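Data block below; observations after.
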There are 4 protein chains.
Amino acid sequence: MFSVNPSDPTPIYAQLDRGIRAAIATGQLRTGDRLPTVRQLAVDLKVNANTVAKVYAELERAGVLATQRGVGTTVRDTAEDLVSRTSKAERESTLRLLADKLLADAYAIGLTIDEVIRHLEARRA
Amino acid sequence: MFSVNPSDPTPIYAQLDRGIRAAIATGQLRTGDRLPTVRQLAVDLKVNANTVAKVYAELERAGVLATQRGVGTTVRDTAEDLVSRTSKAERESTLRLLADKLLADAYAIGLTIDEVIRHLEARRA
Amino acid sequence: MFSVNPSDPTPIYAQLDRGIRAAIATGQLRTGDRLPTVRQLAVDLKVNANTVAKVYAELERAGVLATQRGVGTTVRDTAEDLVSRTSKAERESTLRLLADKLLADAYAIGLTIDEVIRHLEARRA
Amino acid sequence: MFSVNPSDPTPIYAQLDRGIRAAIATGQLRTGDRLPTVRQLAVDLKVNANTVAKVYAELERAGVLATQRGVGTTVRDTAEDLVSRTSKAERESTLRLLADKLLADAYAIGLTIDEVIRHLEARRA
DNA sequence: GTGGTCTAGACCACG
DNA sequence: GTGGTCTAGACCACA
């Protein structure tokens, strides 16, 4: 479900954080869904349990996940007022910047915009 | 020309490395072009000069840049050279991480994957 | 400057977090002041460096501290709009609740309100 | 009568333990008074019954409460008994932690130490 | 068995 | 020498 590349210079916890947020963005994870346990995900990703726990804790502080001691971790009410906080024009200009960055990085390793789009379409829930 | 985000958990050296490679890949920098001096770029990016120097040195070792005493640092590689050094597996893993980052950032401002795809499709033309 | 009681059931990191916030509240720490290094404070408090680092990181995310990699940690612009976010009536009723809690806990170990006041006065910068 | 804050990092059992001791110290509970049943209190506080049971058991071991089969749990100690079991050093260390918590919470809503002291002085009368 | 806290200690990024 | 990341592994709170 998630993946992590230990040889990428981006810290593992940041990769996982983004991976979980991306899974929510694509609809792969929905409000109320349970995430793997800390220890299970650590085993799956071949990563230390503390690293996973740190990510879950950060996402809880950020309001993305909810954890109940002794029970588990679930996806929280999301997308509440995310939209309303940013104006449409602002969102579009930010999206342009984000996409610029992605495309530049993708080009640098030999990927075309078509391949990028194909990848994203494959991830749409 | 390049930019660096100190609050992104990705190490600054990695951001700069990717930025330079991306500039070459997208044709903003061509073979023979001169890069800013280490000190100048450090000032521009508000980054320690050692960090810039390390990136230049690393890119020189990788054959992407060339340093000539008294002349400065120039682009050695072409975009194709860059690409040919990246394996298919590496490309796919990196694409996933890049897409995760885009999706996570986009979601944080209230954009869905569909809007992201639509934006990219509009730019394909 | 700070103190921590390992036998108190409150997690050490939470004690230290509160201690630092309290030091700012009392004026003992002011905007721009440098905090002890992670390792130094760890030695002083007889606590693991990771525990201190976790607190600094949390306070940075909360906007209370600012850290520069390789440099150190300082107190950030504080008290900006804390006041304006809460109405006066709300603040007073919250203060009453907070004080209730403190006094009840203090009574339970045999402290009078006068002793509590004396302690707070001694900590006023 | 008691309250518990699940988002406070202080363990729930510790919050409840302090709450019961505080209720005795402030005279809300007197020797011989009956406490709610474990299950009732668990429901009221939205807490697991095991947690409440452990606190009652711990307070019984400490001589603060007494459990009689078929009757329930009652207060055994007086406020003085509670106090006499706390050493001076412990009292001072705890007072500092309690004050840190109050100051940190107060500051978070924009109150200064002076306002806190003024509030407490007004309640002394 | 779940998540939370803490320690010890290694290695890295950065100044 | 500064903070940041990660690991391994212990112990605790809670359901």
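Source: prediction; values computed, not measured. In what follows, every chain begins at residue 1, and chains take the letters A, B, ... in the order their sequences are listed.
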- Message: As a test of your reading of the structure, name each stem of DNA chain F as range with range, where a stem is three or more consecutive Watson-Crick or G-U pairs at under 3.5 Å.
- Response: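 The stems are E:1-14 with F:1-14.
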- Item | Pairs flagged by side-chain hydrogen bond (donor to acceptor under 3.5 Å, both in side chains) wherever residues 21-30 of chain C is involved - sequence neighbours left out |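 For residues 21-30 of chain C: C/D17-C/R21.
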Under the rule for salt bridge (charged side-chain N to carboxylate O under 4.0 Å, His left out), what residues qualify as partners of [X], not counting sequence neighbours?
{"X": "C/K54", "value": "none"}
{"X": "B/E60", "value": "none"}
{"X": "A/R123", "value": "B/D100"}
{"X": "A/D8", "value": "B/R18"}

Atom [atom1] of [X] to atom [atom2] of [N]: distance rounded to whole Å?
{"X": "A/E60", "N": "E/dG3", "atom1": "CD", "atom2": "C1'", "value": "10 Å"}
{"X": "D/L45", "N": "F/dA13", "atom1": "CG", "atom2": "P", "value": "18 Å"}
{"X": "D/Q15", "N": "F/dC14", "atom1": "CD", "atom2": "P", "value": "9 Å"}
{"X": "C/L16", "N": "E/dC6", "atom1": "CG", "atom2": "P", "value": "10 Å"}
{"X": "D/D8", "N": "F/dC14", "atom1": "CG", "atom2": "P", "value": "11 Å"}
{"X": "A/L59", "N": "E/dG4", "atom1": "CG", "atom2": "P", "value": "12 Å"}
{"X": "C/N5", "N": "E/dT5", "atom1": "CG", "atom2": "C1'", "value": "16 Å"}
{"X": "C/D17", "N": "E/dT5", "atom1": "CG", "atom2": "P", "value": "12 Å"}

- Task: State which residues pass side-chain contact (heavy atoms from CB on, under 4.5 Å) with C/I12; sequence neighbours excluded, sorted by chain then number.
- Result: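 C/I12 satisfies side-chain contact (heavy atoms from CB on, under 4.5 Å) with C/V4, C/V47, C/T51 only.
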- Query: When you check the phosphate oxygens OP1 and OP2 of F/dG4, does a side-chain N or O of C/T67 lie under 4.0 Å from one of them?
  - Reply: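 So the side-chain polar atoms of C/T67 do come within 4.0 Å of the phosphate oxygens OP1 or OP2 of F/dG4, strictly under.
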- Query: Taking atom CZ of D/R91 as the centre, does the number of heavy atoms from other residues, nucleotides or ligands within less than 6.0 Å exceed 12?
  - Reply: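 Yes - once you tally the heavy atoms of other residues, nucleotides and ligands closer than 6.0 Å, there are more than 12.
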- Can you tell if the side chain of A/I109 reaches within under 4.5 Å of the side chain of B/E90, non-hydrogen atoms only?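 They are not in contact (no side-chain heavy atoms under 4.5 Å apart), so the answer is no.
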- Message: Going by salt bridge (Lys or Arg N to Asp or Glu O under 4.0 Å), name the pairs with one or both residues in residues 34-46 of chain C, residues two or more places apart or in two chains.
- Response: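 Every pair satisfying salt bridge (Lys or Arg N to Asp or Glu O under 4.0 Å) with a residue in residues 34-46 of chain C: there are none.
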Can you pull every protein N or O that's under 3.5 Å from an N or O on nucleotides 11-15 of chain E?
| from | atom 1 | to | atom 2 | distance (Å) |
| --- | --- | --- | --- | --- |
| E/dA13 | OP1 | B/Y13 | OH | 3.4 |
| E/dC14 | OP1 | B/I12 | N | 2.5 |
| E/dC14 | OP2 | B/Y13 | N | 3.4 |
| E/dG15 | OP2 | B/N48 | N | 3.3 |
| E/dG15 | OP2 | B/T51 | OG1 | 2.8 |

